[in-house]
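In what follows, every chain begins at residue 1, and chains take the letters A, B, ... in the order their sequences are listed. The basis for the numbers below is simple: all heavy atoms, side chains too, and nothing from hydrogens, waters or symmetry mates.
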Amino acid sequence: MSSSESSRYSPAEVEARWQAEWDKRGSFVAREDDTKPKYYVLEMFPYPSGRIHMGHVRNYTLGDVVARYKRAKGFNVLHPMGWDAFGLPAENAAIERGVHPAKWTHENIAAMRTQLKSMGLSYDWAREVATCDPSYYRHEQKMFLEFLKAGLAYRKESWVNWDPAENTVLANEQVVDGKGWRSGVPVEKRLLNQWNLKITHYAEELLSALGKLERWPDKVRLMQENWIGRSEGLRLRFPIVGRNGETVEVYTTRPDTLYGASFVAVSIDHPLAAEAAKTDATLVEFIADCRHTGTSEAAIETAEKKGYATGLTVTNPMVDGQVLPIYVANFVLMEYGTGAIFGCPAHDQRDLDFARKYKLPVKPVVLPPGGDPATFAVGDTAYTDDGTAYNSGPLDGLDVTRAKAKAIDMMEAKGTGKRAVTWRLRDWGVSRQRYWGCPIPIIHCGSCGVVPVPEKDLPVTLPEDVTFDAPGNPLERHPTWKNVSCPTCGKPARRETDTFDTFFESSWYFARFASPNTQDRGFTREAAKRWLPVDQYIGGVEHAVLHLLYSRFFTRALRDCGYLDIDEPFAGLLTQGMVCHETYKNADKAWISPDDLTRKEGGGWIETKTGGPVVVGRSEKMSKSKKNVVDPAHIIATYGADTARLFMLSDSPPERDLDWTEAGIDGAFRYLNRLWRMVGAAADTLPPSGAPIPNKLAPIVDDLRRRAHRTIADVTGDLDRFHFNRAVARIRELTNAIAELVGDEEGALWVLREALEIAVRLVGPMMPHLAEELWHTLGHKTLLAGAAWPVADPALVAQDNVTVAVQINGKLAGTLELAKDIDAKAAENAALAMPAVQSKLAGKTPKKVVVVPNRIVNVVA
RNA sequence: GCCCCAGUGGCGGAAUGGUAGACGCGGCAGACUCAAAAUCUGUUGCCUGCAAGGGCGUGCUGGUUCGAGUCCGGCCUGGGGCACCA
């Protein structure tokens, strides 16, 4: 090899070569080998949009480091990849470009598969699945029928979120700030017949099991806890005056404030409101008016609290003889609690606003600590904190907690109320009025009603001859597809034309991967038992309550239907941060791409095209709209996958946002080349391993070996805790130490081999192609991808001496080299003997000396 | 409004209550070169001093401690989640 050739590393050639080699040897095929402990690492599978983006690169790099590391540590690793292939972009492509969603999706999958393969990710591609494949979705049709039998799926007419841009229903989880999570268009309320999954059946379990998910981020657990939203309180019936036995049932978490009640309010959707409206035209108008108000954050924020007095009254079951008016109010939600509340203005801000507006009494019944019962009054701010009940008959003198308990006991004893737990979580509406999704296996018959498609007729596949030239669901207007005969009575019937929410597919794919693709069988219970739960799941935090909650629910539903034997799908969860990039605007305040910039002399940027000024904005998540996207394909083509991978790992901890910078990628590339040159230069001159070491070199050898083994210990610990950025730093330190010795003539030769090999092996999970290449440069004939993780020699990791800091009154005065585990008195004496300490003490006797073994001596003067 | 998280050099970030700033980026100086690129070496928290050294430093402010970036209280700023949830 000539020197000009050897001074340049060619990522494209080297990476392709090793990818082919791994592929040929089946290095990453998951085996049903029970002699090793299993480890299932999974990254959230992508939607096949057509090209990978930097978020994918980060996600899959993190997963691949874990997979390769665990493989080397002796685990039997399952690391699969697939495609979340149903969804709206495919249909939009069909509408805009006339390409069939299936064709568009499959082409995208092919393109993205090639891109992922160019990253050198250690997937078992034999287990690849695409959720739009009937061999995949037939199983979820079966699951749905099982859910139906088990009472976990039901059809119900209800007010749902309608996205007018996408012409479909959305689940509550898919509405963000009152807007569709993808379209960004305000959702409307529509009354529709929808299929629902009974996630609320598992509300208690989904909440309590969060405590057991020790390897999940607290943040995600907290978000799920808030989303599930458990509250304890009282359901209480208020008898309606003049209507024998009729009552309004309310839900409250503050039964201790019943003596301060001044009104009852019901939702505009409450049956009582509907009934009252029959004879009251003004109320009809009021209700219609309320429906107009949007559900967006801004609309709710500015919407007035409005009420309409029905003229009806109730008696307060807690307070003898008290009569309260019933209002219909725009702020009471039919979907939460009972759709009716009682208002205690003194101790609830919203009730207070309402009471002031409609001139209702405000009577305080909870006295703040130290408050004077004779003078305490509520002004514009309700008192919602703890205190002592007063003006409350039998509750007087009790604190809030005790008063609540007593009030509930009293109402239960009276038979008019019941202790109750209420959840914020609603059932999951899964019907979507779209084509590119899994058909819901149901037939509607005029005589038999809702009839499940018999199992022998599964899968119900999508028709291919559909048109997208009109708005609405193509399945609905297909000439023949929906016409079938009823499986029960044989009469003409109609197929369900809704499809499942695409979160349905991603709620069980992790289980699908447990079985090989060799047959069309979904997954077997045995295979699931072998591999599940996923040991480490990695993906974006944006799914904290969507996908992650649905999957936890699905796992329980599948467990109860006999598919699985576990409760939780993901034992460990790592939520990665976003990949960000600086943003730029030109003189017209339009976003411009970093590709359209030219560096100005003396710093700063100008717009290449116009030469105009550029304003640099803050770093934000890469997005097309802000034009701050960097295409991974260009980076990989220019620098290679290893450089991109190293950069993804080295600058930020995985859970934090990562700033993409040109300088950072250059730095990663520089390091890759440095390591490559270092090993290349050494390889020819290295003595054979095991050759005897000349005595005069022994101290150098000893020192570097200690550093190398220390690095093994540190990097191993860092990888175990996903501290990838620190692991990279430790490896760089080792290579720096090696580099210092390279100049040190013969010394280098004898110490290099072991240290270099260690560096190469440690960097293997991060830069697998380079490491494999260097492993072979160092003379190995086997693959590094199949090699065991290095083990630190405890004798070399142990230290004889330690550096101890010496402080005077907590301020650093100097350091001491002391034998490890030296006794405290000796350490104290050594510290007191230091000139710096002596001069500071100026002859005085220290008041106290604190000795922390092997760490610090603090002299208190 | 409620809940949560984070504030450390010019920048990304390191630091089981024990030497703040590892590692990298950027900067500066130098070597190599006709020159540049690449590479290598040194240096780089701030102030002060010729120097040895000294002083100040982890958003602000109190506290606990021999010792606080780290623990506790209050505040400020930024980010995230939830939001008529009774």
For [N], give the paired nucleotide (Watson-Crick: N1-N3 plus N6-O4 or O6-N4; G-U: N1-O2 and O6-N3; both under 3.5 Å), or none.
N: B/rC71; answer: B/rG63
N: B/rU16; answer: none
N: B/rA51; answer: none
N: B/rC56; answer: B/rG45
N: B/rU33; answer: none
N: B/rG10; answer: B/rC25
N: B/rG1; answer: B/rC82

Counting only heavy atoms not in A/Asp380, do more than 12 fall under 6.0 Å of its CG? no

Send over the distance from [X] [atom1] to [N] [atom2], rounded to a whole Å.
X: A/Leu234; N: B/rA86; atom1: CG; atom2: P; result: 14 Å
X: A/Ile665; N: B/rG12; atom1: CD1; atom2: C1'; result: 14 Å
X: A/Leu812; N: B/rG21; atom1: CG; atom2: P; result: 10 Å
X: A/Leu762; N: B/rC23; atom1: CG; atom2: P; result: 17 Å
X: A/Met223; N: B/rC5; atom1: CE; atom2: C1'; result: 12 Å
X: A/Trp423; N: B/rC82; atom1: CH2; atom2: C1'; result: 17 Å
X: A/Gln224; N: B/rC4; atom1: CD; atom2: P; result: 18 Å
X: A/Glu655; N: B/rG81; atom1: CD; atom2: P; result: 17 Å

If you pin A/Tyr251 and A/Ala729 to their nearest nucleotides in RNA chain B, which one's is more 5'?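 Going by which nucleotide is closer to the 5' end, it is A/Ala729.
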
Mapping A/Val852 and A/Phe331 onto RNA chain B by nearest heavy atom, which one lands closer to the 5' end?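 Of the two residues, A/Val852 wins.
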
Using atom [atom1] of each nucleotide, how far apart are [N] and [M] to the nearest Å?
N: B/rG59; M: B/rG26; atom1: C1'; result: 24 Å
N: B/rU65; M: B/rC75; atom1: P; result: 24 Å
N: B/rU19; M: B/rA68; atom1: C1'; result: 15 Å
N: B/rG79; M: B/rC25; atom1: P; result: 30 Å
N: B/rA29; M: B/rA37; atom1: P; result: 13 Å
N: B/rG13; M: B/rA20; atom1: C1'; result: 13 Å
N: B/rG21; M: B/rU44; atom1: P; result: 12 Å
N: B/rC32; M: B/rG27; atom1: P; result: 22 Å

For A/Phe331, does the six-membered ring have the charged nitrogen or CZ of A/Arg350 within the cation-pi criterion, i.e. under 6.0 angstrom from the centroid and within 45° of the normal? no

Taking [X] for the side chain and [Y] for the main chain, is one N or O donor matched with an acceptor at less than 3.5 Å?
X: A/His347; Y: A/Val365; result: yes
X: A/Asp427; Y: A/Thr200; result: yes
X: A/Thr416; Y: A/Pro317; result: no
X: A/Asn854; Y: A/Asp821; result: yes

Looking only at side-chain N and O atoms, does [X] come under 4.0 Å of OP1 or OP2 in [N]?
X: A/Asn736; N: B/rG24; result: yes
X: A/Arg424; N: B/rA83; result: yes
X: A/Arg674; N: B/rA38; result: no
X: A/Asn725; N: B/rA14; result: yes
X: A/Lys811; N: B/rC56; result: yes
X: A/Arg855; N: B/rU16; result: no
X: A/Arg730; N: B/rG24; result: no

Tell me what [X] touches on the nucleic acid: a base, only sugar-phosphate, or nothing, going by heavy atoms under 4.0 Å.
X: A/Ser652; answer: sugar-phosphate
X: A/Leu333; answer: base
X: A/Gln807; answer: base
X: A/Arg426; answer: base
X: A/Val250; answer: nothing

Between [options], which one does the side chain of [X] approach most closely?
X: A/Pro653; options: B/rC23, B/rG13, B/rG80; value: B/rG13
X: A/Arg677; options: B/rG18, B/rC85, B/rC40; value: B/rC40
X: A/Trp227; options: B/rA86, B/rC82, B/rC23; value: B/rC82

Write out a two-atom table: protein N or O, nucleotide N or O from nucleotides 25-27 of chain B, distance below 3.5 Å.
{"unit_1": "B/rC25", "atom_1": "OP1", "unit_2": "A/Arg670", "atom_2": "NH1", "d": "2.9"}

Once ring pair (Phe, Tyr, Trp, His ring centres under 6.0 Å) is applied, do any residues pair with A/His543, and if so which ones, sequence neighbours excluded?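 Expected list: A/His547.
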
Carefully, step by step, assess A/Asp714 and A/Arg710 under the rule salt bridge (charged side-chain N to carboxylate O under 4.0 Å, His left out). CA-CA 6 Å; A/Asp714 287 345; A/Arg710 181 84 247 162; 3.6 Å; yes

For a 4.5 angstrom cut-off between non-hydrogen side-chain atoms, does A/Tyr383 reach A/Val366? yes

For B/rG55, decide between syn and anti, treating a glycosidic angle within 90° of 0 as syn.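 The base of B/rG55 is oriented anti (glycosidic angle more than 90° from 0).
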
Centroid separation A/Trp423 to A/Tyr336 less than 6.0 Å: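 So the answer is no for these two rings.
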
Do A/Tyr327 and A/Tyr308 have ring centroids that are under 6.0 Å from one another?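 No, too far apart.
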
What about A/Asn858, does its side chain sit under 3.5 Å from the base of B/rC66 through a donor-acceptor pair?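 Side chain to base: pair found, below 3.5 Å.
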
